[in-house]
Each structure stands twice: as C-alpha cells, then as structure tokens.
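Naming convention: chains lettered A, B, ... in sequence-line order (proteins, then strands); numbering from 1 in each chain.
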Amino acid sequence: MPDMKPHFVAITDAPLDSAAALAHCDAPGHGAMDLFIGRVRDINQGRQVRAVSYDIQTALCRGIFTEICDEARTHWGEELRLTLMHRHGRLAVGEASVVAAASARHRDEAFKACRYLVEEMKHRAPIWKQEHYVDGDSEWVQGHALCQHG
Amino acid sequence: MDTTTLQAVTVRLFGAFRQYADPPRLQVSLPAGATVAQLRSAFAEALPDDNARVLLKASAFATDEAVLEEDDPVPVEDVLSVLPPVCGG
C-alpha cells in the first residue's frame, strides 16, 4: 500500500534511494512521474574534486522542504505527490546528494513541480557544501544569501 | 520592560562559520527585548576576524522553525543558528 501522504521529505546520512523516492509518489491516477538526481561532480570551476561534505541545519531544512512541497501543490495541483531528500555528510564523486520526485496526472505538472523543488531547495534550504580537492585543499562553496537586510 | 537585564543567547554555527569555534557555537549577551539587528552587532564582536564579519554581512539568523528578520525580537528561549549563504544539491 503506497504512503498516502502528499509529500515525503528527508535528510539522511544514508545513500539516497531513487526507487523509494518514486514509491512515495505512487498514485494510480498519475500518468507522469519525474525524477531528478543531483550528484557530486568531479570538476568544479576548473578544480578537480575528490569529495563534498554537506552541512545541514536539519530541523529548519525539513520545515523548508515541506514549505516548498506545499507551494508546488498550490501552483500545480493538490493531487501532486512529491518527494525531496538530501544527503548529509561526506560524499564521494558520483554519489547522489539530492533526489527530487514528482508525480501528477500529466507530464507538464510533474516536470514543473519537480524542477520547482530542486530550484527552490538550492536557493532556500539551509544546506552548505565544502568541496575537497585532489590537491588536498578544501573550500566552502559560495551560495545564495538568505538575509534581507541592507 | 527592563532593558538593562542581559540574557545569554546561544548561536549554532554552520557552513564556513564552523571554523570559528569548536564545538561550533558562540554565546552572546543581549538586553531583554533585543532585536535580531542587535544580535547581529553583538555576534560580530564575538567573531575572531574580519573575514568572519564579512561572511556575517551575507548571513541570516534563524530558529529551528524560521529565518528571522532584522527587526524581529530575539527568541531568547531558543537556540539560534547563523546561516551563511546556502548551496544545496
């Protein structure tokens, strides 16, 4: 019996399971399922990357993931089923850092909702990444400011 | 309200702020009824160098439930977090 909650969000130290992400979105009336997997890349801005460490303010992040899912359903339909999962800790090149999934009656809503989850997560979720380079150096990646003050 | 009474506020450090304290948290004292803007000033003084203070200018404060605005009162009963610019995925 599939999980009947309209969305599933998670932050975990365990490897992300894309099949489980899709299972959370399963609904008999949905003819479209869209899946996004973000992975650790081997080169960033010309530097050879060995691994990435993800730091997360977990409690706040779960709330923001839920908020983003609620917004997606407001935009593209309350019947959407959504999953948004992010990995915590040190990941090697090629490992999945984020999995987003959306299902809907038709592909247009599924594509748009899935993309919305990923784009909003990147701009709003309290997640930071520190790249570890082959030369032994490490750096925190610059990101999007959450503050509004002047 | 008695604004002379100081209250200790604990701020958890994330991302690039982690390098500035081990364990990654700093405590500052604020008058009762202080705003987030006052917290920002007190927190800047607690940071060890100008690089940290530059990072603070692009950072937000938050509870476990919400990102705070500059004129919000500091919820002194909560442990707060300082959030440098984010980059998930």
Asks: For B:Ala44, is there any backbone N or O sitting under 3.5 Å from a side-chain donor or acceptor partner on B:Arg53?
Replies: yes
Asks: So which part of A:His144 gets closer than 4.5 Å to some heavy atom of chain B, the side chain, the backbone, both or neither?
Replies: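 Both backbone and side chain.
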Asks: Which members of residues 120-137 of chain A, sorted by number, sit under 4.5 angstrom from chain B on a heavy-atom basis?
Replies: A:Met121, A:Lys122, A:His123, A:Arg124, A:Ala125, A:Pro126, A:Ile127, A:Trp128, A:Lys129
Asks: Is the shortest heavy-atom distance from the side chain of B:Lys57 to the side chain of B:Val54 under 4.5 Å?
Replies: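 No - every pair of side-chain heavy atoms lies 4.5 Å or more apart.
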Asks: Which atoms of B:Ala16 are under 4.5 Å from chain A, going by heavy atoms: the side chain, the backbone, both sets, or neither?
Replies: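 It is both, since atoms from each part get that close.
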Asks: Is A:His7 close to A:Leu84 at the side-chain level, that is, under 4.5 Å between some pair of heavy atoms?
Replies: no
Asks: Using a heavy-atom distance cut-off of less than 4.5 Å, which residues of residues 38-67 of chain A contact chain B?
Replies: A:Tyr54, A:Asp55, A:Ile56, A:Gln57, A:Ala59, A:Leu60
Asks: Nearest 0.5 Å, what's the CG-OG1 distance between A:Leu22 and A:Thr83?
Replies: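 Atom-to-atom, A:Leu22:CG and A:Thr83:OG1 are 7.5 Å apart.
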Asks: Any idea which heavy atoms bring A:Cys69 and A:Val9 closest together, and the distance?
Replies: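 Nearest pair, atom of A:Cys69 first, then A:Val9: SG-CG1, 4.0 Å.
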Asks: Would you kindly confirm whether B:Phe14 and B:Leu47 end up in one hydrophobic cluster when ILVMFWY residues are joined by side chain heavy atoms under 4.5 Å apart?
Replies: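 In one cluster: no.
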Asks: Is any residue of residues 90-109 of chain A within less than 4.5 Å of chain B by heavy atoms, and which ones?
Replies: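 Interface residues of residues 90-109 of chain A: A:Ser97, A:Val98.
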Asks: Please look at B:Ala37 and chain A and tell me whether the side chain, the backbone, both or neither of the residue comes under 4.5 angstrom of a heavy atom of that chain.
Replies: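 Neither part; nothing is under 4.5 Å.
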Asks: Within a strict 4.5 Å, meaning less than it, do heavy atoms of the B:Tyr20 and B:Asn51 side chains meet?
Replies: yes
Asks: Which atoms form the tightest heavy-atom contact between B:Ala21 and B:Leu26, and what is the distance?
Replies: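 Looking at all heavy atoms of both residues, the shortest contact is CB-CD2, 4.0 Å.
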Asks: Which one of B:Gln19, B:Arg12, B:Arg18 has the most heavy-atom pairs closer than 4.5 Å to chain A?
Replies: B:Arg18
Asks: For A:His88 versus A:Ile11, what's the shortest heavy-atom pair and its separation?
Replies: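 Looks like CB-CG2, 4.2 Å.
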Asks: In terms of hydrophobic clusters joined by side-chain contacts under 4.5 Å, are B:Val36 and B:Leu55 together?
Replies: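 Same hydrophobic cluster.
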Asks: Nearest heavy-atom pair of B:Pro31 and B:Gln38: which atoms, and what distance?
Replies: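 Scanning both residues, the minimum pair turns out to be CG-NE2, 4.1 Å.
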Asks: Please check: side-chain N/O of B:Arg40 versus main-chain N/O of B:Glu70, any donor-acceptor pairing under 3.5 Å?
Replies: no
Asks: Taking a hydrophobic cluster as the set of Ile, Leu, Val, Met, Phe, Trp and Tyr residues connected by side-chain heavy atoms closer than 4.5 Å, whether directly or through intermediates, do B:Leu39 and A:Leu146 fall within one such cluster?
Replies: no
Asks: Count I, L, V, M, F, W, Y as connected when their side-chain heavy atoms are under 4.5 Å apart, and connections chain through other members. Are B:Phe17 and B:Val28 then in the same cluster?
Replies: yes
Asks: I need the minimum non-hydrogen distance between B:Ser59 and B:Pro84, along with the two atoms involved.
Replies: OG-CA, 3.3 Å
Asks: Could you name the residues of residues 71-83 of chain B that have a heavy atom within less than 4.5 Å of a heavy atom in chain A?
Replies: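 Within residues 71-83 of chain B, the residues under 4.5 Å from chain A are B:Ser81, B:Leu83.
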Asks: Same cluster or not: B:Leu56 versus B:Leu68, using hydrophobic residues (I, L, V, M, F, W, Y) connected whenever any side-chain heavy atoms lie under 4.5 Å apart?
Replies: yes
Asks: Looking only at heavy atoms, which two atoms of A:Arg87 and A:Ala14 are closest? And how far apart?
Replies: CD-O, 3.0 Å
Asks: With rounding to the nearest 0.5 angstrom, report the CG to OG distance, B:Leu6 to B:Ser29.
Replies: 5.5 Å
